[in-house]
Each structure stands twice: as C-alpha cells, then as structure tokens.
Amino acid sequence: MKQFITHITLVVNDYDEAIQFYVEKLNFDLVEDTPINENKRWVLVRPRGAFECSLLLAKAVGDEQKSRIGQQTGGRVFLFLRTDDFWRDYRAMQDKNIIFVREPRAEPYGTVAVFKDPFGNLWDLLG
C-alpha cells in the first residue's frame, strides 16, 4: 500500500496576496486556481520539483477562521521547506525581503533558519 499527504490547507486572508507571495517570492508553482463560486477558489501551490504535496490556499470565512490565520500551530513552526542549496535560497529569500525571525544555525539534521510568511506562519528553511 502507498499513501501520501496530497494537500495541506493554509488559511489566508486573500487568495491573490497568497499566490503572489508563494509564487513570486518563494518560487512555488501555481498548480491550480479554479473558481468554485463567487467567493471561493481552489488554489494549489507547491515548491518547484515537488509533486506529492501541495498547499491548498483557503480564504478564511468568518471570525473563527480569520482568527486562525498565521496561528494554525499556536506559534510553533508550521511548515518545513527543504532545499538542495540552503545558502542560495536563503540569500534569494533575503533579496525578496522575506522576514527571517531566526538566523541560520547548524543542527544535527542540517542548516536551518526560520522565516515568516505574510500571514504570520512560521517556516523552517532546511538545507
């Protein structure tokens, strides 16, 4: 049997702002952007070269969902982006004004730095 996670929902406040960040700043691919109705879209992005798992960008509806934007893990690092060249991607992200909240450091599992997306979610950049 083979199983894998295909999508992870990321609650955002605006589809286009999220697409702009993930596609233009992180260089993710926009896999799909399909209107569902007047206010809802099916938006998938994923890192270039990745195929099994995508982020489903879901626009928050109502106060409860809006309160979760950037707080899906209660302030812990939420997502982990592995790269084949840490310093190349770290410098490119700095050049695009991505906010790093923890500078690079060596760990037993590799080099890591923590950055924040525009919605407040914390990410590990891992090399």
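Values below: every heavy atom of this structure, side chains too, minus hydrogens, waters and symmetry copies. If you're wondering where the values come from, they're calculated on a predicted model, not measured in any experiment.
Under a hydrophobic-cluster definition in which Ile, Leu, Val, Met, Phe, Trp and Tyr are linked whenever side-chain heavy atoms come within less than 4.5 Å, directly or via other members, V31 and F28 are assigned to different clusters. In the hydrophobic clustering of ILVMFWY residues, with side-chain heavy atoms under 4.5 Å counting as a link, F115 and I8 come out together. No path of Ile, Leu, Val, Met, Phe, Trp and Tyr side chains, each step under 4.5 Å between heavy atoms, connects L56 with F51, placing them in separate hydrophobic clusters. In the hydrophobic cluster analysis, where Ile, Leu, Val, Met, Phe, Trp and Tyr join through side-chain heavy atoms closer than 4.5 angstrom, L81 is grouped together with I98. At a threshold of 4.5 Å between side-chain heavy atoms, the hydrophobic network of Ile, Leu, Val, Met, Phe, Trp and Tyr places I5 and Y22 in one connected group.
Classification of the F86-Y90 ring pair by plane angle, with boundaries at 30° and 60°, yields parallel.
Here E17 contributes atom CD and Q20 contributes atom CD; the two are 7.5 Å apart, rounded to the nearest 0.5 Å.
Residues E103 and A113 come closest through the heavy atom pair C-CB, 4.1 Å. Here the closest non-hydrogen pair linking D14 and F119 is O-CZ, 4.3 Å.
Side-chain heavy-atom separations under 4.5 angstrom define the hydrophobic clusters, and the remaining members of the one that includes V112 are V77, F80, I99, V101, Y109, V114, L122, L126.
Between D117 and L10 the shortest side-chain heavy-atom distance falls below 4.5 Å. Counting only heavy atoms from C-beta outward, the side chains of L44 and H7 approach each other to under 4.5 Å. For the pair Y15 and K40, the minimum side-chain heavy-atom distance is below 4.5 Å. Within the 4.5 Å cutoff, the side chain of I19 has heavy atoms near those of the R41 side chain. No side-chain heavy atom of N121 sits less than 4.5 Å from a side-chain heavy atom of L79. The side-chain heavy atoms of V43 and L30, taken from C-beta on, include a pair separated by under 4.5 Å.
A donor-acceptor pair under 3.5 Å is formed between the side chain of Q72 and the backbone N or O of V11.
Counting non-hydrogen atoms of neighbouring residues, nucleotides and ligands closer than 6.0 angstrom, the NZ atom of K116 reaches no more than 12 such neighbours. The number of heavy atoms from other shown groups lying within 6.0 Å of CZ (R88) is above 12. Annotation: E64, atom CD; neighbour count of heavy atoms from other residues, nucleotides and ligands within 6.0 Å does not exceed 12. Shown here is R48, whose CZ atom has more than 12 heavy atoms of other residues, nucleotides or ligands within 6.0 Å. With a 6.0 Å radius and a threshold of 12 heavy atoms from other residues, nucleotides or ligands, D85 has its CG atom above the threshold. Residue K96 places its NZ atom among more than 12 non-hydrogen atoms of other residues, nucleotides or ligands, all under 6.0 Å distant.
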